[in-house]
Amino acid sequence: MTQKIAILGSTGSIGTQTLDVIKHNPDSFRVEALAAGENLTLLAEQIHTFKPKKVSVATRDLAEQLGLMVNEPVDILYGPEGLAEVAAATEADTVVTAVVGSQGLGPTLQAIEAGKTIAIANKETLVSAGHLVTQAAAKHGVSLLPVDSEHSAIFQCLNGEERAAVAKIILTASGGSFRDKTREELEGVTVEDALKHPNWAMGAKITIDSATMANKGLEVIEAHWLYSIDYDRLEVLLHPESIIHSMVQFVDHSVIAQLGNPDMRVPIQYALSYPNRKPTPTEPLDLIKIGTLHFKEMDLQRFPCLAMAIAAGRAGGSVPAVYNAANEVAVARFLAGSITFLQIEETIDRVLDAHEAVRDPNLDEVLACDQWARETAHNLVF
Ligand code: NDP
Ligand code: MG
């Protein structure tokens with residue numbers, strides 16, 4: 001049976017790679033609906049190639065412009081309502097959440113309530129409101145299938161294993177663009193330097209998050225929610241080659257790891273084809289060519305964004321949502337040239353410091369804390 005797919009964020013790094021996976025498996029997958037932000041040229045091409053029934057863009061103006069660009073019969077929606085409709089009001093079986101940031105939270109919850117299987121790339125959603133997303137998924141009997149490479153690796157390592165036999169989960173981290181720099185050397189780094197990731201080609205926000213190591217922090221929280229594992233049993237290991245995507249250690253000290261070349265189409269396709277596997281157009285792993293793999297202890301002093309994320313995860317309640325929102329604004333300010341690289345961590349630190357935590361927040365409280373953190377981060381003067 002052909003699986004119908006909706007993609008939130010179809011013009012981004014994960015979105016376009018998801019469409020590549022679909023293109024290679026036309027008998028298995030069909031595009032039902034797409035949502036993008038502002039990239040009309042690419043969305044128009046995607047409409048032409050994949051013939052979705054519904055699409056959504058960021059604003060009404062953009063929707064009108066898109067209408068003039070396409071000849072295919074397609075419903076063109078816009079704004080948060082349009083995004084919600086693509087998430088929840090289509091015939092899609094699976095929704096790939098690949099927008100960036102906590103703006104994905106509302107549509108993800110709506111897709112879950114509509115009973116859609118979720119292929120979750122948008123980790124900020126789980127960081128902001130992991131308790132609400134996992135509760136909703138359990139209530140509606142919906143699967144949250146990981147797209148993030150580390151979480152896909154963990155998911156594959158846990159296949160068929162007894163949860164009680166898991167001793168710990170080891171998330172690997174490449175170290176990002178600045179892994180070899182000292183803290184002093186980070187003082188004057190530029191946006192261009194930060195955007196050069198050694199192993200992965202990704203969207204701008206997650207590339208900066210990889211350089212600050214906030215990304216690994218978000219991933220620790222993501223793993224906590226996806227695999228209901230406490231923070232004491234979640235470890236991060238520096239592994240510069242990004243060949244081992246993560247590992248699980250069991251009580252008998254057996255370690256199961258998942259390996260592969262860094263290519264997101266593998267975890268994306270696994271999330272779509274689970275529990276089956278299919279060929280991909282990716283390069284097979286050649287360990288002889290790679291020769292050596294390296295591992296190093298993670299230095300939490302060197303990467304305070306990781307340390308703060310783990311502390312935020314442990315604190316729970318509204319704290320991870322505030323961490324996430326402060327980070328999103330800090331990254332946007334860094335990309336816009338209004339703060340330096342090291343002021344990203346300072347922003348998160350100062351906003352977390354000023355926050356009065358809410359325990360077990362409901363959706364409105366999460367959104368209020370997110371909004372407060374954004375405004376506070378935006379108004380910080382350095
Ligand atoms: P990109 O920045 O490449 O893409 C973001 C997408 O979201 C674009 O399609 C953008 O549209 C769309 N978008 C932005 N605003 C809106 C809006 N208001 N309504 C609808 N769509 C919107 O990000 P990535 O693909 O890199 O990342 C997406 C998510 O996946 C993030 O949460 C990231 O952490 C996660 N992830 C990414 C990985 C990667 O390899 N890239 C790996 C693991 C996780 P447009 O461009 O048209 O404006
Ligand atoms: Mg990852």
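Not measured: the values here are computed from a predicted model. Values below: every heavy atom of this structure, side chains too, minus hydrogens, waters and symmetry copies. Note that ligands are numbered from 1 as they come in the structure, with each ligand's atoms numbered from 1 the same way. Quick note: residue numbers are just sequence positions, from 1.
Here the straight-line distance linking atom CG of Asn327 with atom CD of Glu345 works out to 11.0 Å at 0.5 Å rounding. The CG atom of Leu34 sits 11.5 Å away from atom CG of Leu77, with the distance rounded to the nearest 0.5 Å.
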Checking salt bridge (Lys or Arg N to Asp or Glu O under 4.0 Å) for the pair Lys205/Glu124: CA distance, chi angles, key distance, verdict? CA-CA 11 Å; Lys205 195 260 176 181; Glu124 294 93 342; 2.9 Å; yes

Go through it in stages, so that I can follow the logic: the residues are Glu192 and Lys196, the test is salt bridge (Lys or Arg N to Asp or Glu O under 4.0 Å), and I'd like the CA-CA distance, side-chain angles, deciding distance and then a yes or no. CA-CA 7 Å; Glu192 289 67 36; Lys196 283 183 206 132; over 6 Å; no

Verify side-chain hydrogen bond (donor to acceptor under 3.5 Å, both in side chains) between Arg179 and Ser210, making sure each step is shown before the conclusion. CA-CA 9 Å; Arg179 66 180 168 220; Ser210 301; over 6 Å; no

Check the pair Glu150 / Lys216 against salt bridge (Lys or Arg N to Asp or Glu O under 4.0 Å), numbers first and verdict last. CA-CA 10 Å; Glu150 295 78 1; Lys216 209 48 59 179; 2.8 Å; yes

For the pair Ser174 and Asn199, evaluate side-chain hydrogen bond (donor to acceptor under 3.5 Å, both in side chains) and give the outcome as yes or no after the intermediate values. CA-CA 8 Å; Ser174 71; Asn199 305 345; 4.6 Å; no

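Of the listed options Gln17, Met202, His197, Met202 places a heavy atom closest to atom 40 (O) of ligand 1. Residue nearest to atom 21 (N) of ligand 1, selected from Gly15, Ala36, Gly9: Ala36 (by heavy-atom distance). Summarising the contacts of atom 6 (C) of ligand 1 with Gly37, Pro267, Ala98, Ser56, the nearest heavy atom is found in Ala98. The option with the heavy atom closest to atom 30 (O) of ligand 1, from among Pro80, Gly101, Ala121, is Ala121. Considering only non-hydrogen atoms, atom 10 (C) of ligand 1 lies nearest to Thr11 out of Ile268, Ile7, Thr11.
Checking only distances, Ser149 never comes within under 3.5 Å of ligand 1, N or O to N or O.
Taking every heavy atom of Glu124 and a limit of under 4.0 angstrom, the matching atoms of ligand 1 come to 31 (C), 32 (O), 34 (O). If you number the atoms of ligand 1 from 1 as listed, the ones under 4.0 Å from a heavy atom of Asn122 come out as 32 (O).
The nearest protein atom to atom 29 (C) of ligand 1, hydrogens excluded, is given as Val99 O, 3.4 Å; this is a heavy-atom distance. The single protein non-hydrogen atom nearest to atom 39 (C) of ligand 1 is Ile14 CD1, 3.5 Å, given as residue, atom name and distance. Scanning all protein heavy atoms for the shortest distance to atom 36 (N) of ligand 1 gives Ile206 CD1, 3.7 Å. For atom 43 (C) of ligand 1, the closest non-hydrogen atom of the protein is Asp148 OD1, 3.1 Å. Atom 3 (O) of ligand 1 has Ser13 N, 2.9 Å as its closest protein atom, hydrogens excluded (heavy atom only). At the shortest separation from atom 23 (O) of ligand 1 among protein heavy atoms lies Gly203 CA, 4.1 Å. Glu38 N, 2.8 Å is the protein heavy atom nearest to atom 48 (O) of ligand 1. Looking at atom 14 (C) of ligand 1, its nearest protein heavy atom turns out to be Gln103 NE2, 3.7 Å.
Applying the 6.0 Å contact sphere to CZ of Arg183 captures more than 12 heavy atoms from other residues, nucleotides or ligands. Other residues, nucleotides and ligands place no more than 12 heavy atoms under 6.0 Å from the NZ atom of Lys23.
Partners of Phe341 according to the ring-ring contact (aromatic ring centres under 6.0 Å, His included) rule, which considers only residues two or more places apart in sequence or in another chain, are Phe178, Phe334. Under the side-chain contact (heavy atoms from CB on, under 4.5 Å) criterion, Asp230 pairs with Asp232, Arg233, not counting sequence neighbours.
Within the structure, the closest approach of Lys205 to ligand 1 does not fall below 4.0 Å when heavy atoms are considered.
With a heavy-atom cut-off of 4.0 Å, Lys123 touches ligand 1 through backbone and side chain alike. The parts of Asn39 lying near ligand 1 are both backbone and side chain, judged by heavy-atom distances below 4.0 Å.
With waters neither drawn nor counted, the protein N/O/S atoms under 2.8 Å from the Mg ion (ligand 2) amount to 3.
Using modelled atom types and a 3.5 Å distance limit, the side chains of Ser28 and Lys278 yield a donor-acceptor pair. Counted by atom type alone, Gln156 and Ser152 present one or more donor-acceptor pairs between their side chains at under 3.5 Å.
By the 4.5 Å side-chain criterion applied to Ile, Leu, Val, Met, Phe, Trp and Tyr, Phe295 is assigned to a cluster that also includes Ile170, Leu237, Ile243, Ile244, Met247, Val255, Leu259, Leu285, Leu287, Ile290, Leu293.
In this structure, Arg265 forms no cation-pi arrangement with Tyr270, as its terminal cationic atom is not both closer than 6.0 Å to the ring centre and no more than 45° off the ring axis.
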